[in-house]
Amino acid sequence: MIVMKFGGTSVGSKEAIERTIGIVSGRLSDRPVVVVSAMSKVTDMLYALSDAIEAGDSAAADSALIALRQKHLEAAAELMPSDPLWREEAYSRINSILDTMQAFAKAQLACGAGMTSKEKAVINSKGEYLSSNMIYCYMNSIGIKTSWVDAREFMVTDNDYLQGIPDMAEIERRCPKVIDAAFARAQAVITQGFVCKTADGSEGVLGRGGSDYSASLIGMAIDAEKIEIWTDVDGVQSADPRRVTNTRRISRISFEEAAEMAAYGAKVLHPKTIEPAVAKNIPVLVLNSMNPEGQGTVILQSSFIEDGVRSVSSKEKLRVITISVPVLKDASSLLTRVFAVFAEARVKVDLVKVSPVDIMVTTDSVDYVPAAVAELEKFATVKVEDDLAQISVIGKNISELKIALKEASEQLRTSRLVSVAQNDTYVNISYVVPLATVRDDVQKIHTYLFGRE
Ligand code: ADP
Ligand code: ASP
Ligand code: MG
């Protein structure tokens, strides 16, 4: 079995879905488990719908629901113009999901109690149900015998409704049975990315961009031969091609380097995608559904990867928090105390630098920072700097590391080197730069490291 995950743009229109299912139809002998995202922009619309309901704005909620219904019904009509049976089936599934959403929105608006995160997850997860049902009908209409599976039968998490943490053991226990049963009567299986069921039995989601993570969890659970992440770029590139010119496709990259890139801002993969794949040593491929002949990127064990600089990634909207105490007598006890505060306030810390007088951390969990700062100020002096960004250069055994560091730093007008992490499998050199110059800075470093051609 293989897992084939298709992101929003790969299922974003009639043409995209036809192309995507064309790719799947050539792979039926591999027994594909197709994991789909919501059509592109749909999850954004759903988050906006949740906000509208929360704000009591029934006009905005109504128009969002109408737009969602129209988008999916139109796509279904275009996909199945001459198959009334499957087209009607698709209409009925789309309408039933939207009717439920409409009733839910109406009830929430009527009671005027806003939206808890549990209630938001009910709305935010519906994009994947809409797309997977519609594509299920389309696949069957063109003769691919396909089973539809509700990922909530096996994608179990903790009780965080909007950022569920998967229960790997439970997923491994449930998923193979569900998928095997679905294959008993079909050539392909389709299911949803992003969605999950929380431990208390509620509807949840894995967090934005989480469909990649779903695919990798399913791949791990069913011992897939490979996990294919089909997106809208020719594989993992040396930097974000939307922001940097002359990027290069990386043909092979290690699990560790890919995980570092994703954690340090490369949106092409959800940061947690790699973890389940590594657990079973399953290769992950990043491929372009707009260019299926392209070679994409293979992510595999570090021993197969040559040394060198692999990529430059960046994170915007970063905050730097510096925590100082008059005399840092015992760094470890201060660190323990500071990190307990961050954990409690749900501030996800990226980089840490400890000096004899202070601890500096970077974070992009902007919403939670004020609560953490109030707590830290009870025992330390705290400085918070906004409008910063982080640039990370990632590779493996970068020879001449010192020269690379010095020269890369010289490309930046104002920068602070915050960390150099190095082990057998990857090197990560990270800088903090002003938000105002980050785009220029990434381009400069990229041009310096990879040249213009
Ligand atoms: P999908 O909807 O298929 O999950 P995403 O938009 O989440 O697609 O991810 C693909 C996008 O990631 C690309 O269009 C690209 O702009 C961005 N991206 C950021 N960094 C990289 C990188 N290093 N290599 C490739 N793409 C990148
Ligand atoms: N549809 C979800 C999102 O847009 C999950 C995903 O596409 O990976 O965040
Ligand atoms: Mg994505």
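When a ligand or atom number is given, it counts from 1 through the structure's own listing order. Residue numbers run from 1 in the order of the sequence given.
Between E128 and ligand 2, an N or O atom pair is found at a separation short of 3.5 Å. Taking any N or O of K5, backbone or side chain, none lies under 3.5 Å from an N or O belonging to ligand 2. Distances between N or O atoms of G209 and those of ligand 2 include at least one value under 3.5 Å.
A salt bridge links K280 to D223: one of the charged nitrogens lies within less than 4.0 Å of a carboxylate oxygen. Under 4.0 Å is where a charged nitrogen must lie from a carboxylate oxygen, and between R69 and D99 at least one such pair does. Using a 4.0 Å cut-off between a side-chain N of Lys or Arg and a carboxylate O of Asp or Glu, R173 and D167 do not qualify as a salt bridge. A salt bridge links R152 to E203: at least one charged side-chain nitrogen sits closer than 4.0 Å to a carboxylate oxygen.
The two residues Y368 and R346 come nearest to each other via the heavy atoms CD1-O, 3.1 Å.
Y47 and F194 have tilted rings, their planes meeting at an angle from 30° to 60° on a 0 to 90° scale.
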Identify the protein atoms, limited to N or O, that lie within less than 3.5 Å of an N or O atom of ligand 1, and list each pair with its distance to 0.1 Å.
from: ligand 1; atom 1: 2 (O); to: G8; atom 2: N; distance (Å): 3.1
from: ligand 1; atom 1: 3 (O); to: T231; atom 2: OG1; distance (Å): 2.8
from: ligand 1; atom 1: 4 (O); to: K5; atom 2: NZ; distance (Å): 3.1
from: ligand 1; atom 1: 6 (O); to: K267; atom 2: NZ; distance (Å): 3.0
from: ligand 1; atom 1: 8 (O); to: T231; atom 2: OG1; distance (Å): 3.2
from: ligand 1; atom 1: 12 (O); to: V268; atom 2: N; distance (Å): 3.4
from: ligand 1; atom 1: 14 (O); to: D232; atom 2: OD1; distance (Å): 2.8
from: ligand 1; atom 1: 14 (O); to: R242; atom 2: NE; distance (Å): 3.4
from: ligand 1; atom 1: 14 (O); to: R242; atom 2: NH2; distance (Å): 2.7
from: ligand 1; atom 1: 16 (O); to: D240; atom 2: OD1; distance (Å): 2.8
from: ligand 1; atom 1: 16 (O); to: R242; atom 2: NE; distance (Å): 3.2
from: ligand 1; atom 1: 23 (N); to: Q237; atom 2: O; distance (Å): 3.0
from: ligand 1; atom 1: 24 (N); to: Q237; atom 2: N; distance (Å): 2.9

### Stepwise side-chain hydrogen bond (donor to acceptor under 3.5 Å, both in side chains) check, Y264 with D350
CA-CA 8 Å; Y264 288 88; D350 268 344; 5.3 Å; no

### Message
As a quick check of understanding, evaluate side-chain hydrogen bond (donor to acceptor under 3.5 Å, both in side chains) for H446 and T247, giving each step before the final call.
### Response
CA-CA 8 Å; H446 187 273; T247 61; 5.8 Å; no

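Proximity of a side-chain donor or acceptor of N288 to a complementary backbone N or O of M290 within less than 3.5 Å is detected.
The shortest contact between atom 6 (C) of ligand 2 and any protein heavy atom is with S211 OG, 3.3 Å. The single protein non-hydrogen atom nearest to atom 7 (O) of ligand 2 is S37 OG, 3.1 Å, given as residue, atom name and distance.
Distances below 4.0 Å separate heavy atoms of R208 from the following atoms of ligand 2: 3 (C), 4 (O), 9 (O).
Look at G210 and you'll find a heavy atom under 4.0 Å from some atom of ligand 2.
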